[in-house]
Amino acid sequence: MEARVQWMGPGQMSFVADADSGHALVMDGAAEIGGRNLGPRPMELLLMGLGGCSSIDVVMILQKSRQDIRSCVVELAAQRAEQDPKVFTGIHLHFVVSGKALDPKRVSHAIGLSAEKYCSASIMLGKTAVITHDYEIREEC
């Protein structure tokens with residue numbers, strides 16, 4: 001895996017990131033360091049990456065176990081260290097999974113497998129942060 005990050009030039013703290021998948025996005029620093037709110041902060045991207053990685057796992061595991069999943073939303077909340085490096089020290093993932101007749105044991109199992117075995121982002125961030133999970137199931141007609 002490769003990526004490239006390029007500063008957008010003097011007078012700003014904006015960067016364009018390109019991934020080897022061919023996708024690109026703009027990152028920006030906070031206003032107090034010269035950012036102009038043109039894109040997410042790099043640490044926000046790490047948090048969003050964790051949510052995406054874990055969600056992919058949960059959806060795939062539930063689909064493979066023949067659960068009629070219709071929606072999966074994960075809400076993440078993180079705490080950071082107060083001193084540099086301001087690593088994540090705690091992250092909570094709250095999954096809202098919707099479908100027809102979903103089995104709570106299978107949903108819990110899918111989240112656990114993601115956290116403990118499959119989600120590289122979760123396992124990596126778990127080296128500095130306590131990561132917790134919970135979920136709710138919503139029935140869809």
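Listed here is the closest heavy atom pair of A24 and D18: CB-OD1, 3.2 Å. The two residues Q67 and L102 make their nearest non-hydrogen contact at OE1-CA, 3.3 Å. Shown here for V74 and G51, the closest heavy-atom pair between the two residues is CG1-O, 3.7 Å. Heavy-atom minimum distance, G39 versus R41: O-NH1, 3.2 Å.
Annotation: side chain of L62 is in contact with side chain of V107 (closest heavy-atom distance under 4.5 Å). Annotation: side chain of I69 is in contact with side chain of Q63 (closest heavy-atom distance under 4.5 Å). Using a 4.5 Å heavy-atom threshold, the side chains of F15 and V26 count as separate. Counting heavy atoms from C-beta on, the side chains of K86 and E82 never come closer than 4.5 Å. Residues L47 and L45 have side chains not in contact (no heavy-atom distance under 4.5 Å, counting atoms from C-beta outward). Residues M27 and V5 are in side-chain contact: their nearest non-hydrogen atoms beyond the backbone lie under 4.5 Å apart. Between F88 and L46, some side-chain heavy-atom pair lies under the 4.5 Å cut-off.
Every residue meeting the salt bridge (charged side-chain N to carboxylate O under 4.0 Å, His left out) condition with R106, not counting sequence neighbours, appears here in chain and number order: D103. Every side-chain hydrogen bond (donor to acceptor under 3.5 Å, both in side chains) that S114 has, sequence neighbours left out, goes to S54, D57. Scanning for side-chain hydrogen bond (donor to acceptor under 3.5 Å, both in side chains) contacts around S55 gives an empty result, with sequence neighbours left out. Partners of R70 by side-chain hydrogen bond (donor to acceptor under 3.5 Å, both in side chains), not counting sequence neighbours, listed by chain and number: D68. Scanning for side-chain hydrogen bond (donor to acceptor under 3.5 Å, both in side chains) contacts around R4 gives Q6, with sequence neighbours left out.
Note: the hydrophobic cluster containing I91 also contains M43 (ILVMFWY, side chain heavy atoms under 4.5 Å, direct or indirect links). One hydrophobic cluster holds both L76 and L125 under the rule that ILVMFWY side chains link at heavy-atom gaps under 4.5 Å. Residues V130 and V87 are members of separate hydrophobic clusters, defined by side-chain heavy-atom contacts under 4.5 angstrom among Ile, Leu, Val, Met, Phe, Trp and Tyr. Under a hydrophobic-cluster definition in which Ile, Leu, Val, Met, Phe, Trp and Tyr are linked whenever side-chain heavy atoms come within less than 4.5 Å, directly or via other members, L113 and M124 are assigned to different clusters. Taken together through direct or relayed side-chain contacts under 4.5 Å among Ile, Leu, Val, Met, Phe, Trp and Tyr, I61 and F95 form parts of separate hydrophobic clusters.
Within the 3.5 Å criterion, the main-chain N or O of G35 finds no donor-acceptor partner in the side chain of D28. No donor-acceptor pair closer than 3.5 Å links the side chain of W7 to the backbone N or O of V16.
Shown here is M60, whose CE atom has no more than 12 heavy atoms of other residues, nucleotides or ligands within 6.0 Å.
Rounded to the nearest 0.5 angstrom, C119 SG and I111 CD1 are separated by 12.0 Å. To the nearest 0.5 angstrom, I123 atom CD1 is 10.0 Å from K117 atom NZ. Rounding to the nearest 0.5 angstrom, the gap separating the CZ atom in R80 from the OG1 atom in T89 is 9.5 Å.
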Please report, to 0.1 Å, the donor-acceptor pairs under 3.5 Å made by any side chain of residues 131-141, with sequence neighbours excluded.
from : atom 1 : to   : atom 2 : distance (Å)
T132 : OG1    : H92  : ND1    : 2.6
D134 : OD1    : H92  : NE2    : 3.2
D134 : OD1    : H94  : ND1    : 2.5
D134 : OD2    : H92  : NE2    : 3.3
Y135 : OH     : P104 : O      : 3.2
E136 : OE1    : R138 : NE     : 3.1
E136 : OE1    : R138 : NH2    : 3.1
E136 : OE2    : H94  : NE2    : 2.7
E139 : OE1    : A101 : N      : 3.1
E139 : OE2    : A101 : N      : 3.0

